[in-house]
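FYI, side chains are in, hydrogens and waters are out, and symmetry mates aren't considered; it's all heavy atoms of this structure. Per chain, numbering begins at 1; letters A, B, ... match sequence-line order.
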There are 2 protein chains.
Amino acid sequence: MFSKTCKYGLRAVLYLASQAQEDHKLGVKQVAAALEVPQPFLAKLLQQLARVQIISSAKGPNGGFYLSDKNLVANLRQVVECLDGPDVFSSCILGLPSCSSANPCPLHQQAVAYRNSLLDVMERQTIREVAQRIGAPEYAQSPLSLLIKKDNQP
Amino acid sequence: MFSKTCKYGLRAVLYLASQAQEDHKLGVKQVAAALEVPQPFLAKLLQQLARVQIISSAKGPNGGFYLSDKNLVANLRQVVECLDGPDVFSSCILGLPSCSSANPCPLHQQAVAYRNSLLDVMERQTIREVAQRIGAPEYAQSPLSLLIKKDNQP
DNA sequence: AGAATAAAAGACTTTTTTATCTTTTTTTTA
DNA sequence: TAAAAAAAAGATAAAAAAGTCTTTTATTCT
Ligand code: FES
Ligand code: FES
């Protein structure tokens with residue numbers, strides 16, 4: 001559905017949101033190891049997100065990536081649009097050059113409903129809200145949660 | 001969302017469903033020209049669909065592709081699963097190795113709802129039902145419809 | 001100031017996806 | 001039965017995505 005870049009990005013953002021703070025930044029190495037994604041690839045992608053200030057970063061010793069309070073109240077839509085381009089939520093499901101109710105493909109009407117529900121998933125909740133769930137008991141078995149646990153053990 | 005292969009495949013299937021019959025088969029050349037997609041690429045993809053009998057084909061003069069009555073009452077889900085693999089409708093939105101409510105990522109609950117609405121789009125209606133809409137007046141402006149019109153003009 | 005740390009930037013490689021080309025097989029019809 | 005038509009199959013090429021490596025720049029700490 002999303003590209004790998006985008007999936008890695010979303011996971012990294014959620015991981016950072018739940019594990020890093022301004023006074024406890026995380027380096028690419030740590031994030032890459034925790035999420036088990038290729039390190040230099042993740043680096044590039046985090047830099048991309050930092051450049052447009054979806055996440056925050058600092059160079060030098062004790063530098064790394066984190067989410068500021070401002071970053072945390074944004075939503076995941078921008079992460080997706082930054083990494084997979086702005087058309088993900090507006091292009092035709094059959095790949096036709098335009099998508100509008102004035103110019104619909106035979107799946108348009110239904111496709112719009114599904115697309116909006118995806119948009120809703122990515123837009124309705126703040127990053128903070130989504131990230132908070134990672135630690136919640138219902139999510140204890142989630143691979144993302146497990147990674148974080150593992151990470152916190154010595 | 002879907003791969004290009006898949007989009008081309010869906011468009012081709014809908015085009016064939018609305019324009020071809022057993023006694024009026026269409027060659028790859030015609031379909032490719034009408035949909036403006038690369039011909040040899042479409043050929044391969046149609047062959048893939050024909051191999052698993054989602055569409056029908058015949059060799060030789062007057063041969064080509066078409067949808068049998070049986071093909072027409074099937075749905076588009078199988079087209080997608082044939083071309084993009086069987087996991088499209090069941091894999092985690094964040095790309096985690098498993099996706100289940102026993103093992104949810106923080107987006108799982110909402111993601112499932114959206115995924116089901118996509119599945120619904122592709123599964124609820126028969127190919128015939130979807131294809132019939134191509135000719136309907138509401139869809140007169142759709143690129144797919146326009147292509148068909150163009151195609152029918154001398 | 002100098003060394004160390006870590007992001008930023010950019011060049012490069014590999015893999016996958018998308019696209020093209022060629023040959024073979026089957027079927028029809030003259 | 002020979003020629004033509006069209007799918008089937010498979011080899012090859014180009015483009016895009018994914019992944020790696022190297023150098024530069026900024027920051028902190030000693
Ligand atoms: S035109 Fe195809 S989804 Fe809107
Ligand atoms: S576990 Fe992520 S969508 Fe189900």
Atom pair CD/CG of A:Q21 and A:L72 - distance to nearest 0.5 Å: 9.0 Å
base_contact_polar (C:dA8 base, A:Q47 side chain, donor-acceptor, <3.5 Å): yes
Any-strand Watson-Crick or G-U partner of C:dA6, both distances under 3.5 Å: D:dT25
Atom-pair distance (CD on B:Q48; P on C:dT18), nearest Å: 12 Å
A:Y114 and B:Y114 aromatic ring geometry - parallel, tilted or perpendicular at 30°/60° bounds: parallel
Euclidean distance, atom CG of residue B:L46 to atom C1' of C:dT18 [Å, nearest integer]: 15 Å
B:T5 side chain near C:dT17 phosphate (N/O to OP1/OP2, under 4.0 Å): no
Minimum heavy-atom distance between A:C92 and A:C99, given as atom pair plus value: N-CB, 3.7 Å
Gap between atom CG of B:L118 and atom CZ of B:R77 - 0.5 Å precision: 10.0 Å
Between D:dA17 (P) and A:D84 (CG): distance, integer Å: 9 Å
Proximal nucleotide (of D:dG19, D:dA18, C:dA6) relative to the A:Y8 side chain: D:dG19
Whole angstrom value for the distance that separates P of C:dA6 from CG of A:L16: 15 Å
N/O (side chain, B:S57) to phosphate O (OP1/OP2, D:dA6) under 4.0 Å: no
Phosphate OP1/OP2 of D:dA9 contacted by B:R51 side-chain N/O (<4.0 Å): yes
B:L46 CG to B:R51 CZ distance, which is reported to the nearest 0.5 Å: 11.5 Å
Given DNA chain D, 5'-ward residue of the pair A:K44 and A:K59, judged by closest heavy atom: A:K44
Under-4.0 Å side-chain N/O to phosphate OP1/OP2 contact, B:N62 with D:dA6: no
Protein-nucleotide distance (A:L49, atom CG; C:dA7, atom C1'), rounded to Å: 14 Å
From C:dC21, D:dG19, C:dT27, nucleotide with atom closest to A:K4 side chain: D:dG19
Nearest to side-chain heavy atoms of A:F41, which nucleotide of D:dA18, C:dA4, C:dT28: D:dA18
d(NZ, A:K29; P, C:dA4) in whole Å: 14 Å
Spacing between A:L42 atom CG and D:dT20 atom C1', to the nearest angstrom: 14 Å
Proximity to the side chain of A:P61 - top-ranked nucleotide from C:dA6, D:dT28, D:dA18: D:dT28
Nearest-nucleotide comparison on DNA chain C, the residue closer to the 5′ end among A:A58 and B:P38: A:A58
Interatomic distance where CZ belongs to A:F2 and C1' belongs to D:dA18 [whole Å]: 18 Å
